Amino acid sequence: MFVPMRAAYSARMGTNIILNDLPGYLRTTVLGLAYIVFGGGVEALSKVSNVSPFLARCLVLLITLPQACLALIGCWYWFGRERNLCYLLVLTVVYFLLISAGAEAYSRFRVPVMPMYALLVGGGAATTVQLIQRVWISCMARIAGNTQTTGLTQPGS
């Protein structure tokens with residue numbers, strides 16, 4: 001059989017399989033995506049550090065969950081700073097993660113997009129730091145305003 005004929009046959013078969021069990025396919029894709037983004041390195045960490053698999057899973061999630069949140073926040077950061085870069089980062093990361101999600105998902109599939117993912121995480125971290133600084137300054141201004149209006153003195157003065 002020629003390659004184009006096999007490709008057409010495989011595309012028809014794959015489409016039929018997916019359409020016959022669409023909920024199962026979507027479930028497999030979501031689980032694969034979760035494993036790629038949140039589950040990498042649990043077995044290796046467990047073996048190398050001699051900790052239980054449950055503890056290793058908790059440690060990996062302790063790192064990957066905040067990273068994913070920062071990456072989402074980083075989308076807004078880059079959208080406000082450099083819109084074209086934001087589109088490039090988000091579309092590339094989403095494309096690579098979705099194309100590699102599925103039954104054969106493996107955490108190493110995220111390696112090609114880690115530099116772009118790191119930019120999103122960095123943008124999220126910058127936004128988070130800026131927000132914390134604004135809240136801190138606002139709180140300090142309120143405290144300073146309250147002491148001036150009530151006539152209270154600062155400790156140590």
Side-chain angles (χ1 to χ4, degrees), residues 1-139 142:
M1 251 168 120
F2 295 107
V3 174
M5 292 172 64
R6 277 191 285 169
Y9 172 76
S10 296
R12 277 194 313 274
M13 285 298 294
T15 303
N16 287 336
I17 291 170
I18 290 171
L19 291 177
N20 284 335
D21 189 19
L22 190 59
Y25 174 75
L26 292 175
R27 180 180 178 273
T28 302
T29 302
V30 168
L31 289 175
L33 182 62
Y35 181 73
I36 291 170
V37 175
F38 302 117
V42 173
E43 295 88 9
L45 179 64
S46 177
K47 288 178 184 176
V48 169
S49 62
N50 244 359
V51 298
S52 70
F54 176 76
L55 181 60
R57 188 177 308 115
C58 290
L59 291 172
V60 167
L61 284 174
L62 188 66
I63 294 169
T64 57
L65 278 174
Q67 276 183 345
C69 293
L70 287 174
L72 289 174
I73 296 169
C75 294
W76 282 288
Y77 174 83
W78 288 113
F79 188 78
R81 287 223 182 228
E82 184 63 42
R83 202 163 281 182
N84 289 334
L85 179 62
C86 175
Y87 294 145
L88 175 70
L89 293 174
V90 170
L91 291 174
T92 306
V93 169
V94 168
Y95 171 77
F96 269 95
L97 292 180
L98 285 180
I99 204 72
S100 59
E104 298 292 323
Y106 189 61
S107 61
R108 287 188 183 177
F109 293 161
R110 68 177 173 224
V111 171
V113 294
M114 284 310 287
M116 289 162 258
Y117 190 71
L119 282 171
L120 290 172
V121 171
T127 302
T128 304
V129 168
Q130 290 171 355
L131 180 66
I132 290 170
Q133 287 175 341
R134 283 187 203 139
V135 169
W136 179 259
I137 289 170
S138 174
C139 289
R142 283 187 189 150

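Here the structure is a predicted model, which means the values were calculated and not measured. Reckoned from all heavy atoms, side chains included, excluding hydrogens, waters and symmetry mates.
Minimum heavy-atom separation, Val90 to Cys75: CG2-SG, 3.6 Å. For the residue pair Pro66 and Ile63, the shortest heavy atom distance occurs at CD-O, 3.4 Å. Ala68 and Tyr117 make their closest contact through CA-OH, 3.2 Å (heavy atoms, listed as atom of the first residue, atom of the second, distance). Shown here for Ala101 and Gly32, the closest heavy-atom pair between the two residues is CB-C, 4.2 Å. In terms of heavy-atom proximity, Val93 sits nearest to Met116 at CG2-CB, 3.9 Å.
Looking at Thr28, Thr29, Asp21 one by one, the single match for side-chain contact (heavy atoms from CB on, under 4.5 Å) with Tyr25 turns out to be Thr29.
Going from atom CD1 of Ile137 over to atom CZ of Arg142 covers 13.0 Å, rounded to the nearest 0.5 Å. Annotation: the span from Gln67 atom CD to Met114 atom CE amounts to 6.0 Å, rounded to 0.5 Å. Interatomic distance, Asn16 CG to Asn20 CG, rounded to the nearest 0.5 Å: 6.0 Å. Here CD of Gln130 is found 9.0 Å from OG1 of Thr128. Values are rounded to the nearest 0.5 Å. To the nearest 0.5 Å, the span separating CG on Leu120 from CG on Leu70 amounts to 10.5 Å.
Side-chain atoms of Thr15 come within 3.5 Å of backbone N or O of Ala11 as a donor-acceptor pair. Side-chain N or O atoms of Trp78 include none that pairs as donor or acceptor with a backbone N or O of Asn84 at under 3.5 Å.
Here Arg81 pairs with Tyr77 under the side chain to side chain donor-acceptor pair (under 3.5 Å) rule; sequence neighbours left out.
A cation-pi arrangement is present between Arg83 and Phe79, with the terminal nitrogen or guanidinium carbon under 6.0 Å from the aromatic centre and inside a 45° cone about the axis.
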Validation: residues 50-61 side-chain donor-acceptor distances under 3.5 Å, sequence neighbours left out:
{"residue": "Ser52", "atom": "OG", "partner": "Leu55", "partner atom": "N", "Å": "3.2"}

